[in-house]
Amino acid sequence: MVKITAYDQLRYLKNKDTVVYEDKTAAQLLQMLAEDFRLNLGTVEDTGYSIESGVEENQTLFDILQNALDETLTATGKLYILYDDAGKLCLRNIESLKSRLFIDENGAGDFSYSVSIDRQTYDKIKLTYDNEKTGKRDVYIAQSGENINRWGVLQYYESLKNPTGAQAKADALLGLYNRETRTLDLEDVLGAPSIRAGSAVRVYLELGDSAFPVPAAGKVGGNRQVCPAGGENLDGGSRQGGFGGAFDGGRYCPAGNHRCGLEAALPGSAGSGADCR
């Protein structure tokens, strides 16, 4: 018996390197790394946001690109998906990967749904920078007094290497994280060949949501309309990377509204779960 393992272009992003760059977008950084490592490129959309400077020491190409995509997401609120398409690396805005397909009660099975503030939820952002010129530590804070009163202080902390745009970054991170994390698992979803990791489909679901963590489980049927398959970011915003598995900018109904029109991502195969923010 002969066993053969085949890899796509993403395998080569496990290579490590030290990279220093200035005034490059994440798309330009991908193009630079692809040239250095002789990788084939497909569709690479302009990510728009120029990163003033980046220093990545002994990092995998995956991490180098991920950090650039994270910074782009923080600065612009736009999420980009990096994936391999028939041997070519592609980088596309999640908006470009929306499908016209939707899931109804005929294409969904059991689901479980929960809302939590225990993970990936922060109502206070604290960023610091050790200023060598002044000998002091600069502190940048963004917080939600309303949610601190509801949940207590849930703080995200990060030490910055570069203070440029620090307060804007703190404000942007608060916008991304200052909400509950919703997790949805759906089983027995009918597959579609056109849907791949990172794709988005339109869905409808009765969740009976509330403001605090309330696990929910049930079987689609009766008057339930449609279930999301592995929904990601039902009410917009994510920091879960861009390597074929996140969705940004969906719609989520307010608490007490039991019929929701959602747009959800499929982070992997049908029926997989995802964290929804």
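The basis for the numbers below is simple: all heavy atoms, side chains too, and nothing from hydrogens, waters or symmetry mates. Only a predicted model underlies this, so the values are computations on that prediction, with no experimental measurement involved.
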Is it true that the side chains of [X] and [Y] contain a donor and an acceptor less than 3.5 Å apart?
X: E180; Y: S116; result: no
X: D171; Y: Q167; result: yes
X: Q59; Y: D17; result: no
X: T47; Y: T72; result: no
X: D63; Y: T60; result: yes

How about [X] and [Y]: do any of their side-chain heavy atoms sit closer than 4.5 Å?
X: L82; Y: L65; result: yes
X: K124; Y: I141; result: yes
X: W151; Y: D123; result: yes
X: L173; Y: L127; result: yes
X: M32; Y: V19; result: yes

Test item: [X] side-chain N/O and [Y] main-chain N/O as donor-acceptor pair under 3.5 Å:
X: T18; Y: N58; value: yes
X: N147; Y: R150; value: no
X: N93; Y: S96; value: no
X: E71; Y: A68; value: no

Hphob cluster co-occupancy, F62 + F37, side-chain heavy atoms under 4.5 angstrom: yes
Same cluster (ILVMFWY, side-chain, under 4.5 Å), L176 and I148: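 Hydrophobic grouping puts L176 apart from I148.
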Look up atom [atom1] in [X] and atom [atom2] in [Y], then write down how far apart they are to the nearest 0.5 Å.
X: R11; Y: L39; atom1: CZ; atom2: CG; result: 11.5 Å
X: L154; Y: R119; atom1: CG; atom2: CZ; result: 14.0 Å
X: I64; Y: K16; atom1: CD1; atom2: NZ; result: 10.5 Å
X: I51; Y: L69; atom1: CD1; atom2: CG; result: 8.0 Å
X: Y83; Y: R92; atom1: OH; atom2: CZ; result: 4.5 Å
X: I125; Y: S144; atom1: CD1; atom2: OG; result: 10.5 Å

Remaining members of hydrophobic cluster (4.5 Å side-chain criterion), Y157: none
Option from L10, D8, V44, N40 for which side-chain contact (heavy atoms from CB on, under 4.5 Å) with L89 holds: L10
Salt bridge (Lys or Arg N to Asp or Glu O under 4.0 Å) contacts touching residues 126-149 (sequence neighbours left out): D130-R137
Audit row: R182, V115, side chain to side chain contact (heavy atoms under 4.5 Å, CB included) steps and yes/no: CA-CA 4 Å; R182 293 170 169 81; V115 184; 4.0 Å; yes
Side chain to side chain contact (heavy atoms under 4.5 Å, CB included) assessment of K78 paired with L73: CA-CA 5 Å; K78 296 181 180 180; L73 172 62; 5.8 Å; no
Considering all heavy atoms of both residues, which atom of [X] and which atom of [Y] are nearest to each other, and what is their separation?
X: Y80; Y: D46; result: OH-O, 3.5 Å
X: L160; Y: A166; result: CD1-CB, 3.6 Å
X: Y140; Y: A170; result: O-CB, 4.5 Å

Neighbour count >12 (heavy atoms, 6.0 Å) for atom CG, N149: yes
Other residues, nucleotides, ligands: >12 heavy atoms within 6.0 Å of Y21 OH: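 Yes.
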Salt bridge present between E158 and K169 (N-O < 4.0 angstrom):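 A salt bridge links E158 with K169.
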